[in-house]
Amino acid sequence: MSESTIPYITRYKDINKLLHIFITEIQTIFGKNLTGIYLTGSLSYGDFNPKSSDIDLMVILKNSVSHNEIEQINKVHQKIGKAHKKWGQRIECSYISVDMLKDIYPPKLPRPYFGEGIFYPEAPYGNEWLINKYLLYNYGIALVGPEFKTLTQPIDIVDVKKACINDLFQEWKPRITDQLYLEKSHHQSYAILTMCRILYTINCDAIASKKTAAAWVKITFPHWSKIIQAAEKWHDGLKMNLLDETARFIAFVIEKTQGHFGAIMECS
């Protein structure tokens with residue numbers, strides 16, 4: 001494959017090549033069952049860090065994935081992981097049917113999901129469902145198929161704030177005492193920057209990039225600047241050693257959010 005045949009999707013040639021292969025393979029597997037392939041996450045809103053960011057993708061189908069298709073997409077991800085070792089552990093991709101987009105609440109049925117180098121044939125959605133839909137609606141890039149906005153209704157920021165609060169209390173509060181999870185530097189960085197985005201979203205009525213959210217938190221709550229800066233600088237191979245600080249920051253965000261809880265959850 002020559003450089004001239006690879007479509008310009010991002011500013012990174014190796015990622016463009018990976019995406020070109022992914023698109024070709026997915027189109028071959030699903031054919032007419034494919035509605036669209038979408039690039040989301042930091043690559044879609046200009047906050048991508050080559051040293052630490054993931055490549056976030058969404059594949060939307062007319063009908064749910066069959067057992068045979070599950071085996072094929074697993075092989076595709078393993079193939080891409082071997083060919084692009086730098087990115088193999090940093091691709092996140094969900095496979096959903098277009099019917100799942102009708103409701104603002106997380107779908108009851110699980111979906112095939114690939115993340116951190118592992119393929120899950122059945123992965124349940126949590127509160128991240130609505131947050132991811134909001135980001136896709138506002139920033140998603142259609143690699144194949146119609147614009148994402150044509151597939152679903154607009155999402156109110158109040159509903160996103162509710163999802164953030166649910167995510168904070170249901171997903172992140174238990175992490176405070178989960179040392180097995182927080183001892184990993186990758187998880188420390190991810191947790192700290194995610195807390196920044198939750199704080200920003202709840203206080204500023206908008207979702208911002210991790211960079212923008214982190215900058216706002218460092219100004220608003222300067223005593224947390226040191227660990228936020230460490231989280232921003234983290235990359236594969238770098239040790240953070242901020243387990244206790246990360247747990248305290250999650251607890252701090254929970255404390256700060258409790259004042260907003262009642263008002264937000266009562267909004268229609």
Pairwise side-chain contact, Ser185 with Leu238, heavy-atom cut-off 4.5 Å (strictly under)
no
Please tell me whether Glu92 and Tyr113 have a donor and an acceptor in their side chains that are separated by less than 3.5 angstrom.
yes
When you measure from the side chain of Arg90 to the backbone of Pro50, do you find a donor-acceptor pair of N or O atoms at a distance under 3.5 Å?
yes
Is a side-chain N or O of Thr201 found less than 3.5 angstrom from the main chain of Arg197, in a donor-acceptor match?
yes
Taking it one step at a time, do Asp56 and Thr40 satisfy side-chain hydrogen bond (donor to acceptor under 3.5 Å, both in side chains)?
CA-CA 5 Å; Asp56 299 292; Thr40 184; over 6 Å; no
Assert yes or no for the condition that the ring centre distance of His223 to Phe252 is strictly below 6.0 Å.
yes
In this structure, would Ile155 and Tyr105 fall into the same cluster of hydrophobic residues linked by side-chain contacts under 4.5 Å?
yes
Should Val59 and Tyr120 be regarded as members of a common hydrophobic cluster, given that ILVMFWY residues are connected when their side-chain heavy atoms come within less than 4.5 Å of each other, either directly or indirectly?
no
Suppose we call two aromatic rings close when their centres sit under 6.0 Å apart. Are Phe48 and Tyr12 close by that rule?
yes
Describe, in one word, how the ring planes of Phe148 and Tyr38 are oriented to each other, choosing from parallel (under 30°), tilted (30 to 60°) and perpendicular (over 60°).
perpendicular
In plain terms, say whether Lys218 and Glu232 are close enough for a salt bridge, that is, a side-chain N and a carboxylate O under 4.0 Å apart.
yes
Under 3.5 Å: donor-acceptor pair, side chain of Gln188, backbone of Leu182:
yes
Are Arg175 and Tyr181 in a cation-pi setup, meaning NZ or CZ lies under 6.0 angstrom from the ring centre and within 45 degrees of the ring axis?
yes
Under 4.0 Å between a side-chain nitrogen and a carboxylate oxygen: does that hold for Asp236 and Lys51?
no
To the nearest 0.5 Å, what is the distance between CG on Leu136 and OG on Ser44?
7.5 Å
Please state whether the rings of Phe249 and Trp224 are parallel, tilted or perpendicular, taking 30° and 60° as the class boundaries.
tilted
Donor-acceptor contact below 3.5 Å, side chain Asp54 vs main chain Ile91:
no
Is it true that Asn63 and Ser97 share a donor-acceptor pair across their side chains at a distance under 3.5 Å?
no
